[in-house]
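Note that the structure is a prediction, hence the values are computed from the model and not measured. The sequence lines fix the lettering, A, B, ..., with proteins before strands; numbering per chain opens at 1.
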Amino acid sequence: MPINNNYIADVIQEYGDMLDLDGANPFKIRAYRQAARRIRSITRELAEMVEEGENLQQFSGIGEGIAEKIVEIVQKGKFHQLEEIKNKIPSGLLEVMSLEGLGPERVKKLYKELDIENIDDLERAINKGKIRELEGFGKKTEENIKKSIKQKEQQGNRLFYNRAEEYTQPLLEYMRKLESTNRLAVAGSYRRKKETVGDIDILATGKDSEVIMDHFVAYEDVEDIISKGDTKSSVHLRGGLQVDLRVVAEESYGAALNYFTGSQDHNIQTRHIAREKGLKLNEYGVFRESNQKSIAGETEDEVYQALGLPYIVPELRENRGEIEAARNNNLPQLIERKDLKGDLQMHSQYSDGGATIEEMAQAAQELGHEYIGITDHSQRVTIANGLDADELAKEIDEIDRINEKFDDFRIFKSVEVDILEDGSLDLPNSILKRLDLRVCCIHYKFNLPREKQMLRILRAMDNPYFNIFGHPTAREINKRPPIDVDMGKIMDAALDKGVYLELNSSPKRLDLNDIHCKMAKERGLKIVISTDAHNPSQLPNLRYGINQARRGWLESEDVLNTRSADKLLEMIKR
DNA sequence: GCCGTTTTCGGCCCGACTGTTTTCAGTCG
């Protein structure tokens, strides 16, 4: 594991969780967890900053103590306080604490009274009926813990955004059928368009909350009901996805939507602002601290206005500078789907696509595209029927023929050419130069150590026919970690050489991620948003890329394929 | 442990639901 920001955040977070089990000061625990979250959103590599002796305390949430620990993590991969606490408390307890319904107090009790150190121990104790005998526990709690274990085994990872959509849309339709519901919206990370979704938060207003709740838990896909009250109910759907429904009064709708959309970090900041202004912000509205009088709540606009801020779109609500930007009236005008004029990565039957070039072109035209790039695989990717130079030459000729039929649409002759281990490209320049543009990607040797991986990529970028670095970290969400690279250096090199980076819109890749997009924007490096579609039905996936781009603060200006075909070719020329 | 247009000390977001209890602790988001 490379010592990147995510690793550092993991270690800091683990320490916070261990402190929780140790019964430490809750605010200290929170400080570590907040620091971990903060670290994940920093767009520079902390390891590098440490090596260069830079001050880490410039980041809010990182003070003297945690800065010292980060230095130790960078140097040794761990820090001594964490090792000490691990000697005292079995780290298997963290896994137990991650179960739904089990927090630090109960886990501690299980450890002290029943010697439970991990989930296996816990399961054995449940089977012996030991849990129900503990003071403060009971039969029902024992059953719930049993369910939680099963739940964790089943669900495992967070859902891809597009899969979450498949669960959410029918449920919304079902809820709309009920006459008692008035307003209905999805909040949470789903509304913020995160690449994966842990659970679904639905917000409703309506005449009779009891009727709405009854209707909700009666949904045919509900597997079990976790809780049910007047204002909040939670269920598991078949397949394990948790859905929470909240019913609020009309006058609180905006405040509730804002509150339940989060993120938590964003909410903490907005509440701070409220307090500064002598106001109180909660899910019911904005209130004057002096007389508890409500001054806003029905719409989100109103809530932000009461805080003296312009409206902030959900995708930006991650406490990554949006509050400051809002205060300075400097929020980005985020890119929208309609800004994109074309799609620069897709496959045809020449390699592993399911449709002909003409079929892809036609479908793209119907979506309003002005151009596409056909990027079939190169020879190295044998499993995808990658093309050699002769086969690619044939494809080039065919695209020329097809292009003659169009007046106001253009197919770029392109390729998804592999970056080989030594940094050479998988096809000779003699054929690459016949193309309009080239997307260069890594499909093998993901595990090279950072130095070698960097050398490979930077060397490849030296080739004048390297235009776009496709799915740059090669990660697959929930499956394969990103390759170990210094993204800042890659971006600097890309700027220097006139290379662009791709945001791959496949819901399983979404590569670059949001933080990398913001990094690119801060450097002035433009991004290409492509689908990597393998058949026409995947062409609308562009919207997932747009979601990610918006989370990464990108504006139309920051994205290459918002340009016309001619302008694009001009810009891509090295 | 972090932070500061009241502060270097004394705060730190806050309300709902469940289960096991007879008034509340624990957990969650």
Practice task
Assign a letter to each nucleotide of nucleotides 21-29 of chain B from its 5' end: B, base within under 4.0 Å of a protein heavy atom; S, sugar-phosphate only; -, no contact.
Solution key: S----SSSB
Exercise for the section: Sequence neighbours left out, what pairs pass ring-ring contact (aromatic ring centres under 6.0 Å, His included) with at least one residue falling in residues 221-265 of chain A? Expected result: none
Exercise for the section: Would you indicate whether A/Arg480, at its atom CZ, is surrounded by more than 12 heavy atoms from other residues, nucleotides or ligands within a distance under 6.0 Å? Expected result: yes
Handout entry: Side-chain heavy atoms of A/Ile29 within contact of A/Arg33, under 4.5 Å
Key = yes
Problem - Pairing of A/Arg191 and A/Glu300 as salt bridge, 4.0 angstrom limit - result: yes
Problem - Base-contact (B) and sugar-phosphate-only (S) positions in nucleotides 2-8 of chain B, heavy-atom cut-off under 4.0 Å, - elsewhere - result: SS-----
Exercise for the section: Pick the C1' atom in B/dG1 and in B/dT5, then give their distance to the nearest Å. Expected result: 24 Å
Practice task
Please list all pairs passing the side-chain hydrogen bond (donor to acceptor under 3.5 Å, both in side chains) test where one or both residues lie in residues 45-68 of chain A, with sequence neighbours left out.
Solution key: A/Arg44-A/Glu54
Handout entry: Pairwise C1' distance for B/dC17 and B/dC12, with rounding to whole Å
Key = 25 Å
Handout entry: Whole-Å gap separating C1' (B/dT20) and NZ (A/Lys109)
Key = 11 Å
Handout entry: Pair A/Tyr190 + A/Tyr161: ring centers closer than 6.0 Å
Key = yes
Handout entry: By side chain to side chain donor-acceptor pair (under 3.5 Å) - contacts of A/Glu302 (at least two apart)
Key = none
Under 3.5 Å donor-acceptor pairs involving side-chain atoms of residues 87-97 of chain A, not counting sequence neighbours:
unit_1, atom_1, unit_2, atom_2, d
A/Asn87, ND2, A/Glu83, O, 3.4
A/Lys88, NZ, A/Asp22, OD1, 3.3
A/Lys88, NZ, A/Asp22, OD2, 3.1

